[in-house]
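The structure appears right after this line, and notes come after that.
Predicted, not measured: the structure shown is a model, and the values here were computed from it. The basis for the numbers below is simple: all heavy atoms, side chains too, and nothing from hydrogens, waters or symmetry mates. Numbers restart at 1 for each chain; the letters A, B, ... are given by sequence-line order, proteins then strands.
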Amino acid sequence: MDLLTASGIEAGPPPVRRVRVLLPLPLASAYDYRVPDDMDLEAGAYVEVPLGPRQVFGVVWAVDGDEAGVPANRLKSVLRRFDLPPMPEVSRRFIDWVAAYTLSSPGSVLRMAVSVSAALEDPKALLAYLPSGDSPPPGFKMTDARRRVLALMEEEGPPRTPADLAREAACGIGVIRGLAESGLLTPVALRAQPRPPIPDAHRPGPTLSPDQAAAADALRAAVDARGYSATLVDGVTGSGKTEVYFEAIAACLRQGRQALVLLPEIALSSQWLDRFARRFGVRPVEWHSDLAGAHRRAAWRAIVNGEAPVVVGARSALFLPYPDLGLIVVDEEHEAAFKQEDGVIYHARDMAVARGFLGGIPVALVSATPSLETLTNAETGRYGRIDLPARHGGASLPDVTLIDLRRPDSRPPARHWLSPILVDAMKETLAAGEQGMLFLNRRGYAPLTLCRSCGFRLQCPNCTAWLVEHRLSRRLQCHHCGYTDRLPETCPSCEAEHSFVACGPGVERVAEEVAQLFPDARVALMTSDTLVGPQAIQTVIEEVRAHKVDLLIGTQVMAKGHHFPMLTLVGVVDGDLGLGGGDLRAAERTFQMLHQVAGRAGRESRPGRVFLQTHMPEHPVMQALAAHDRDAFLAAEADQRRAMDLPPYGRLAALIVSGEDERQVDKLARDLARVAPQGDDVLVLGPAPAPLALLRGRHRRRLLLKTARGVAVQPLLQSWLASIPIPGTVRVQVDVDPYSFM
DNA sequence: GCATGTATGTGA
DNA sequence: CACATACATGCG
């Protein structure tokens, strides 16, 4: 019996069912849609909806729409629902949380979680063939190529795609088509993408040192606790941190849950993937921005369908809708690459901790040189801490020598960049049949080119930056916007001919000097210009390992955890490079980078030597590196930050005002400063020109909000921005917890 | 984010 | 006046 009728209530027309749908657009909130009668939707369902003249995808954010909002008669209907498991509730809460924290729209965050809309569609079945076993039809001509294909198909095996068959039989795709038309091959529909292979959590791992085993036990315990925890895994280079967190991944896999590993630059870590494969038998699913097209689609679907037990990725992998995430590892947690600087501005390490908290799962932050933030959290007990003290394999720490570039006897000759002390060390290393490495974090030939006769400096038309001469490619390049140009024959200002002089060194110039000093040495240059794609990096690495290279010269790309047994000398050409500029973390970052570079020297049984050229040998960074005293450096750095109420002892947020019209940008920035929030614990600095006052043709100003640690900056920022109209031609970006300072 | 309408400018 | 281009708006 109908309950409504029975209770005397008139059964009117059935109410319109409405849902809130979040769209991947920068809108303030979700939109309401009507649910068709024949459709069932739960929160998290992926749907397609009409939006103006377009059709866009969205995710059902709530099943009870806003009745007081758009009237029912103006609602549009959900068009269809995609055949996918709904986005889990944790993922949805995480998206809302990140949006609120970063002051961006939830739709923009959703875009990061579903960055391949094509992956929502069912994948097209792939055509594959099996042998039909039929006899050839009359008129069939047997050829060598056809025979090869048929012979190949004699072997038992799964159906194979035309492309695979053609490749294996070394024939054209037309041969396959011909055979299919003759009825000798039977077409079958194949699942378009094979499932990723399953890592084997039960494979025995490597033998761990007592320290490693203790650390692995502690991390495993965190996984088995099945609750939120954040743990710093602090271990010097070569202490075997990776093996330790692999054990935590194994524990997570044994629970049947997914594990996520965030790496700073996934594209550069094929060594990491190999290591993973050695431990678990297969490679994990990768997720990063270089992944495109079908690969990206397949990876997303595998993750969402719970078919990717382990995902390794760059920062953006954090936002993917994992159905049952059980562990997050942030490797090299101190790396600046985790900070996303445009669009939704966030720090992946911090967001990872938030994701762990919302999901009730453990997060491991791994580093040899932890960030001050993480270290402070470990010291105050907010995070757990696991120390891995020993350098695995028995190699001792390298001997670090500071070369004072101010002293006449250690200064390089004019127009040279290598101190005689370093050159002597290089001679010794080469004579001993060992390898050396020179590090300079500056691409190109020279950072600045100027006209000898009038002093004109070659500058980027779109940015406040010098154009960098690249001799290898015979071009000038802007390292900020990608502008390139030929080196002009005559000075654009005074028209003098061949008047340009290079000022200062880049790696190319150091390579030139090395070629003069050591004409017989085999030299390899390693920069992002010379190495296009991960394969190229791998090739150089192999060559160095095979000792086909005596001297390696390069930038940051070279500093990452590759280890070379015969490398015993590291020369840092300009140790002061990172210290300039108004960066809050300049000292910390320089220390981290140089520490990592120094760690390349002498890893096996050979002792390593590091020579660090600097103009400030008394600087705490240099002293800490020479004395191998990281903790003293961090303590001093912490004292300074505390004294100035800077993070992690105070909070920062930045506003970046940008636009093409400099006067308009300047005016808005000054207007914002005028209506800045006030209070005892609140201070607004600026506006000041942003570090690159002109970037990609846009003028930029920065305002900095500095508050005490306990202050919630988001509401402050929100009311601040709402208090003043912002013209459409000017953009105001909010950077909560900015990395660079002014 | 993007398609759309409206305001504004450019040239015959 | 026709047409191109800049900016503001709303999308449920």
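A straight line from CZ of A/F57 to C1' of C/dG12 spans 17 Å, rounded to a whole angstrom. Nucleotide C/dC7 holds its P atom 9 Å from the CD atom of A/Q664, rounded to whole Å. Here B/dT4 presents its C1' atom at 12 Å from CG of A/L51, a figure rounded to the nearest Å. The nearest whole Å value for the distance from the CZ atom in A/R74 to the C1' atom in C/dG10 is 10 Å. Atom CD in A/Q55 sits roughly 14 Å away from atom C1' in B/dA3 (whole-Å rounding). Nucleotide C/dG12 holds its P atom 12 Å from the CG atom of A/D32, rounded to whole Å. C/dG12 atom C1' lies 16 Å from atom CD of A/E48, rounded to whole Å. Per the geometry, CZ belonging to A/R54 stands 6 Å off P belonging to B/dA3, to the nearest Å.
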Please assess A/D324 against A/Y322 for the test side-chain hydrogen bond (donor to acceptor under 3.5 Å, both in side chains), listing each intermediate value before the final yes or no.
-> CA-CA 6 Å; A/D324 191 17; A/Y322 303 93; over 6 Å; no

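Among the atoms of the strands shown, none is found under 4.0 Å from any heavy atom of A/L23. Nucleic acid contact class of A/R18 (heavy atoms, under 4.0 Å, all strands): none.
Counting heavy atoms from C-beta on, the side chains of A/I656 and A/D735 come closer than 4.5 Å.
Note on ring orientation: taking the six-membered ring where Trp is involved, the planes of A/F319 and A/Y346 are perpendicular (angle over 60°, cut-offs 30° and 60°).
Scanning atom types as modelled, no donor and acceptor separated by under 3.5 angstrom connect the side chain of A/R111 and the base of B/dG1.
Relative to the side chain of A/T729, the nucleotides C/dC7, C/dC11, B/dC2 differ in distance, and C/dC7 lies closest. In the set B/dG1, B/dT4, C/dG12, B/dG1 carries the atom at the smallest distance from any side-chain atom of A/P26.
A donor-acceptor contact closer than 3.5 angstrom links the side chains of A/S371 and A/E333.
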